[in-house]
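Before any comments, here is the structure.
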Protein chains: 2
Amino acid sequence: MGTPQLTKNQSLVMGALAHSDGPMSAYTILDKLRDQGFRAPLQVYRALDKLLEYGLVHRLESLNAFVACTCPHEHEHDHGVTAFTICEGCGQVTEFHDEAIEQRLSALVRAQSFKTEKTTIEIRGHCKSCA
Amino acid sequence: MGTPQLTKNQSLVMGALAHSDGPMSAYTILDKLRDQGFRAPLQVYRALDKLLEYGLVHRLESLNAFVACTCPHEHEHDHGVTAFTICEGCGQVTEFHDEAIEQRLSALVRAQSFKTEKTTIEIRGHCKSCA
DNA sequence: ATCGCACACGTTATAGCATAACGCAATTGA
DNA sequence: TCAATTGCGTTATGCTATAACGTGTGCGAT
Ligand SMILES: [Zn+2]
Ligand SMILES: [Zn+2]
Ligand SMILES: [Zn+2]
Ligand SMILES: [Zn+2]
């Protein structure tokens with residue numbers, strides 16, 4: 001396992017996200033990559049699916065948009081529950097992780113006999129600069 | 001403040017959600033209400049906006065769908081951070097609240113000098129019956 | 001009363017997000 | 001060599017959400 005060599009399309013999408021200030025929708029990515037030969041949404045969505053699978057990219061559900069993961073991916077760690085703050089002002093997204101929240105959620109869910117597959121935590125608001 | 005008398009459209013949408021087993025998309029609600037005279041998405045979205053504002057309904061971001069709030073609304077309490085488990089098998093959604101998570105998130109966010117406006121916590125997986 | 005305003009409503013059109021279904025090409029491994 | 005897998009390209013379609021316009025109704029201020 002781990003992260004295989006990216007294909008051309010996957011690299012292009014990854015590059016677009018990595019060099020972006022903030023999150024991008026699939027269609028915004030498409031527009032950025034028209035010059036590199038992208039023509040259709042599926043080219044983007046298929047690349048995103050893989051990048052999500054590899055853990056290189058996260059999807060922001062409340063925005064229908066995508067961001068590059070900001071964790072170090074050197075060591076192959078599964079980075080558990082991911083949470084985000086999302087500034088409504090400047091669009092800045094900050095990824096963070098917290099063991100305490102992860103464990104508390106895990107306990108609450110276990111009490112329901114629920115089996116977690118994916119956890120979404122997104123906090124919308126305003127960052128320090130935009131307050 | 002509080003919950004004003006609902007308009008006809010708001011009542012119809014609220015009723016549809018309240019009597020539904022699980023979450024419904026706006027377009028599913030529209031279809032359910034065609035017999036009561038609904039014709040266009042905006043009739044649903046406008047009602048939903050108000051119901052969300054009154055706290056009678058929640059939006060599930062990871063599903064682009066809506067559920068009736070299951071908290072008692074007798075006493076006018078603002079019910080803080082709301083979290084959901086969402087079963088991929090049967091569609092069952094369970095709303096829950098936890099003070100510990102709320103406080104921990106609050107602390108983490110404060111450390112970023114971030115000002116929270118809305119918090120989304122959604123856990124996708126399988127419920128006890130669908131495991 | 002009547003003016004002005006806020007608000008709900010109805011309608012049409014459009015924008016934005018995501019996937020189905022087809023076929024082709026390259027790779028891999030039995 | 002054959003079959004299976006994976007990535008790719010294209011067209012068409014479906015689902016989600018809002019813009020923009022106009023109507024009507026209730027209600028307080030003048
Ligand atoms: Zn990450
Ligand atoms: Zn900001
Ligand atoms: Zn609730
Ligand atoms: Zn279930």
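Chain naming here is simple, since letters A, B, ... match the order of the sequence lines and numbering starts at 1 in each.
The shortest distance between the side-chain N/O atoms of A:Asn64 and the OP1/OP2 oxygens of D:dT16 is not below 4.0 Å. Within the structure, every side-chain polar atom (N or O) of A:Arg59 is placed at least 4.0 Å from both OP1 and OP2 of C:dC17. Put simply, B:Thr7 has a side-chain N or O that comes within less than 4.0 Å of OP1 or OP2 on C:dC9. For C:dG16, the OP1/OP2 oxygens have no side-chain nitrogen or oxygen of A:Ser25 closer than 4.0 Å. Of the side-chain N and O atoms in B:Lys50, one or more sit less than 4.0 angstrom from OP1 or OP2 of C:dA8. OP1 or OP2 of D:dG9 has at least one side-chain nitrogen or oxygen of A:Gln43 nearer than 4.0 Å.
Remark: ring of B:Tyr27 does not overlap the six-membered base ring of D:dC15 in a stacked fashion, as centroids less than 5.5 Å apart with planes less than 30° apart are not both met.
Backbone-only contact: B:Arg39 has heavy atoms under 4.0 Å from sugar-phosphate atoms and none from a base.
What separates CD of B:Glu53 from C1' of C:dA8 is a distance of 13 Å, to the nearest Å. D:dC15 atom P lies 15 Å from atom CD1 of B:Ile29, rounded to whole Å. To the nearest angstrom, P of D:dT18 lies 10 Å from CG of B:Leu48. Taking atom CD of residue A:Glu61 and atom C1' of nucleotide C:dG16, one finds them 16 Å apart after rounding to whole Å. Taking atom CZ of A:Arg46 as the reference point, atom C1' of D:dT10 lies 9 Å away to the nearest angstrom. One can place CD of A:Gln5 at 13 Å from P of D:dG7, the figure rounded to the nearest angstrom. Separating the OH atom of A:Tyr45 from the P atom of C:dC17 is a distance of 7 Å, rounded to the nearest angstrom. The CG-C1' distance, from A:Leu60 to C:dC17, rounds to 15 Å in whole Å.
A:Val44 and A:Val57 fall within a single hydrophobic cluster, where Ile, Leu, Val, Met, Phe, Trp and Tyr side chains are chained together by heavy-atom contacts under 4.5 Å. Put simply, A:Ile101 and A:Phe114 are part of the same group of oily side chains (I, L, V, M, F, W, Y) that touch within less than 4.5 Å, one to the next.
Relative to the side chain of B:Asn9, the nucleotides C:dC9, D:dG7, C:dA18 differ in distance, and C:dC9 lies closest. Closest to the A:Leu42 side chain, of the nucleotides D:dT10, C:dG10, D:dC8, is D:dT10.
Where B:Leu63 and A:Gln10 each meet DNA chain D at their nearest nucleotide, the meeting point lying more 5' is that of A:Gln10.
Counting non-hydrogen atoms of other residues, nucleotides and ligands closer than 6.0 Å to NZ of B:Lys115 gives a total of 12 or fewer.
Evaluated for a side chain to side chain contact (heavy atoms under 4.5 Å, CB included) with A:Leu17, the options A:Leu56, A:Leu12, A:Leu48 yield exactly one hit, A:Leu48.
A heavy-atom distance below 4.5 Å is found between the side chains of B:Val67 and B:Phe84.
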